[in-house]
Amino acid sequence: MKLSKYIYLVFGLLAFVACGSSASKAPVEAVKNEQQQVVNVPVFDGDSAYKFVKMQTDMGPRVPNSEVHKKAATLLASELKRQGAEVQIQEFDALAYNRQLLKGYNIIGSYNPESANRILLFAHWDTRPYADADPNKANHKTPIDGANDGASGVGVLLEMARQFGMQNPSVGVDILFFDLEDFGTPYFGTNTTGEEAYCLGSQYWAKNPHERGYNARYGILLDMVGDKNARFSKDKYSMHFAPSIVNKVWATAQKLGYGNYFVNKPGSLLTDDHIYVNQYGIPSIDIIDYDNDREKGFADSWHTKDDTIENIDPKTLKAVGQTLLEVIYSEK
Ligand code: AHN
Ligand code: ZN
């Protein structure tokens, strides 16, 4: 090849790379929605979501009433603000199974707050104080990192928030980080508050929504959405309360090539934050890593010292995040 040709080739490549990087600021993909209209769906960045997960685990366990917990609440609220959301923090007190008084913080970030046509996306952000499913009994009273159980759902939603900030969706979207989900009675504890020891943040919110008369068309909960071997079966409560939303989300995932994660298989009846959002009156589903064919149903790392960043895979975060962006940006 002549030197001049080689130089043109190099310049051509440089121009291509430069274009690529400027376009990658807010990449979108044109797709058709249910009404056959063309919509631009942002490209979800799995590595960015992973960094949002790591940002949380780097702080240490976010155990209620700890210093780190309080600091994490402030950080999550400021991240949502940084991504252009209108942010509210709902502070509340709740009684744990052991009668301990817990300080809770539900964090809400809203896009298009004036719109009456809304979708609610939620995840819990607190971490469990006990690794009480750990194979080593010595770990049962130590807190978990909660990379998957807590941080993964929040990480996906923060990356979605970043995309909403760059390209406003046409519907209103609320991102709600519930606190005090995972303070449920350990096997070594005695329960003084009845069955409802889990999901204290969503229970409080269902009785005291952040806005009077708050409503959304539907809600989607993300719980444990980051494990490398994640498998999302169709949770039975979700199928009871909002079958059309389950089917829409799973069909969208399968269309995008994520059918290995979103499987057409019945799940179980799991107590989770979506129960209380459904009781409030918003039809809501749970995307949760659960498979009846596994020994525990959940991933091996569930409620163990192994629930760490090492088990988080950006590809799983991407599968969930891209599916949900497609769902949101297809809504009119
Ligand atoms: C139960 O443990 C019964 N349900 C799942 C709720 C949960 C705990 N999600 C994460 N940690
Ligand atoms: Zn948990």
Side-chain angles (χ1 to χ4, degrees), residues 53 56-57 61-64 69 72 94 96-97 102 104 106 121-134 139-157 176-189 191 193-203 205-206 219-227 230-241 266-279 284-292 294-309 311-312 316 320:
V53 176
Q56 298 169 77
T57 54
R62 282 80 64 212
V63 171
H69 181 260
Y97 72 91
L102 302 177
N106 291 333
L121 303 171
F122 53 112
H124 81 91
W125 71 268
D126 61 306
T127 52
R128 183 159 181 77
Y130 321 108
D132 55 341
D134 200 279
N139 292 331
H140 286 190
K141 288 181 182 174
T142 27
I144 63 169
D145 265 4
N148 197 31
D149 193 354
S152 67
V154 170
V156 168
L157 292 180
L176 209 172
F177 297 146
F178 282 122
D179 198 1
L180 310 188
E181 189 276 338
D182 226 352
F183 218 100
T185 317
Y187 73 87
F188 49 80
N191 197 328
T193 58
E195 265 305 285
E196 273 112 40
Y198 283 94
C199 307
L200 298 177
S202 54
Q203 291 186 60
W205 179 88
I220 301 176
L221 166 59
L222 290 73
D223 193 7
M224 304 190 274
V225 292
D227 190 85
R231 182 150 286 181
F232 310 116
S233 53
K234 294 180 171 180
D235 165 62
K236 285 186 178 162
Y237 282 121
S238 307
M239 284 304 281
H240 172 76
F241 288 117
S268 187
L269 289 162
L270 297 176
T271 301
D272 212 342
D273 289 323
H274 67 316
I275 300 293
Y276 299 97
V277 179
N278 272 301
Q279 281 179 10
S284 297
I285 70 164
D286 193 2
I287 301 176
I288 184 164
D289 185 2
Y290 190 92
D291 183 342
N292 283 309
R294 296 182 188 140
E295 202 184 326
K296 309 204 238 184
F298 300 112
D300 287 341
S301 66
W302 181 75
H303 291 184
T304 75
K305 288 269 279 180
D306 265 355
D307 185 0
T308 58
I309 192 76
N311 291 313
I312 300 298
T316 308
V320 174

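Both counts, for ligands and for their atoms, begin at 1 and track the order of listing. Note that these values count all heavy atoms, side chains included, but never hydrogens, waters or copies made by symmetry.
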Query - Which residues share a ring-ring contact (aromatic ring centres under 6.0 Å, His included) with Phe183, sequence neighbours left out - result: none

Report task. Give every protein N, O or S atom lying under 2.8 Å from the Zn ion (ligand 2), naming each by residue and atom. Result -> Asp149 OD2, Asp182 OD1, Asp182 OD2, His303 NE2

Report task. Give a yes/no on ligand 1: does Glu181 have at least one heavy atom closer than 4.0 angstrom to it? Result -> yes

Query raised in the report: Quick one: do Arg294 and Asp289 make a salt bridge, cutoff under 4.0 Å?
Result: yes

Query raised in the report: What protein heavy atom is closest to atom 10 (C) of ligand 1, reported as residue, atom name and distance in Å?
Result: Asp149 OD1, 3.0 Å

Query raised in the report: Taking the six-membered ring for Trp, is the centroid-to-centroid distance between Phe178 and Tyr276 below 6.0 Å?
Result: no

Query raised in the report: Short list, please: which atoms of ligand 1 are under 4.0 Å from a heavy atom of Trp302?
Result: 2 (O), 11 (N)

Query raised in the report: Can you name the one residue among Thr57, Val225, Asn148 that meets side chain to side chain contact (heavy atoms under 4.5 Å, CB included) with Ile312?
Result: Asn148

Query raised in the report: Using the ring of each side chain (for Trp, its six-membered ring), is Tyr290 parallel, tilted or perpendicular to Phe298, with breaks at 30° and 60°?
Result: perpendicular

Query raised in the report: Can you list the residues that meet the ring-ring contact (aromatic ring centres under 6.0 Å, His included) rule with His140, with sequence neighbours excluded?
Result: Tyr187

Report task. State, with a plain yes or no, whether a side-chain heavy atom of Ile288 is found less than 4.5 Å away from one of Leu221. Result -> no

Query raised in the report: Hey, is Leu270 one of the residues with a heavy atom under 4.0 angstrom from ligand 1?
Result: no

Report task. Check side-chain contact (heavy atoms from CB on, under 4.5 Å) between Ile285 and all other residues, then give those that pass, not counting sequence neighbours. Result -> Ile220, Ser238, Ala242, Ile245, Val246, Val249, Trp250, Ile287

Requested in this report: Identify, for atom 4 (N) of ligand 1, the protein heavy atom at the shortest distance, and state residue, atom and that distance.
Outcome: Thr271 O, 3.0 Å

Query raised in the report: In ligand 1, which numbered atoms sit nearer than 4.0 Å to a non-hydrogen atom of Asp223?
Result: 7 (C), 9 (N), 10 (C)

Report summary line: In terms of heavy-atom contacts, Ser284 and His274 come closest through O-CD2, 4.0 Å

Report task. Using distance alone, decide if ligand 1 has a nitrogen or oxygen within less than 3.5 Å of any nitrogen or oxygen in Tyr198. Result -> no

Query raised in the report: What residue and atom, counting heavy atoms only, is the protein's closest point to atom 8 (C) of ligand 1, and at what distance?
Result: Asp182 OD1, 3.2 Å

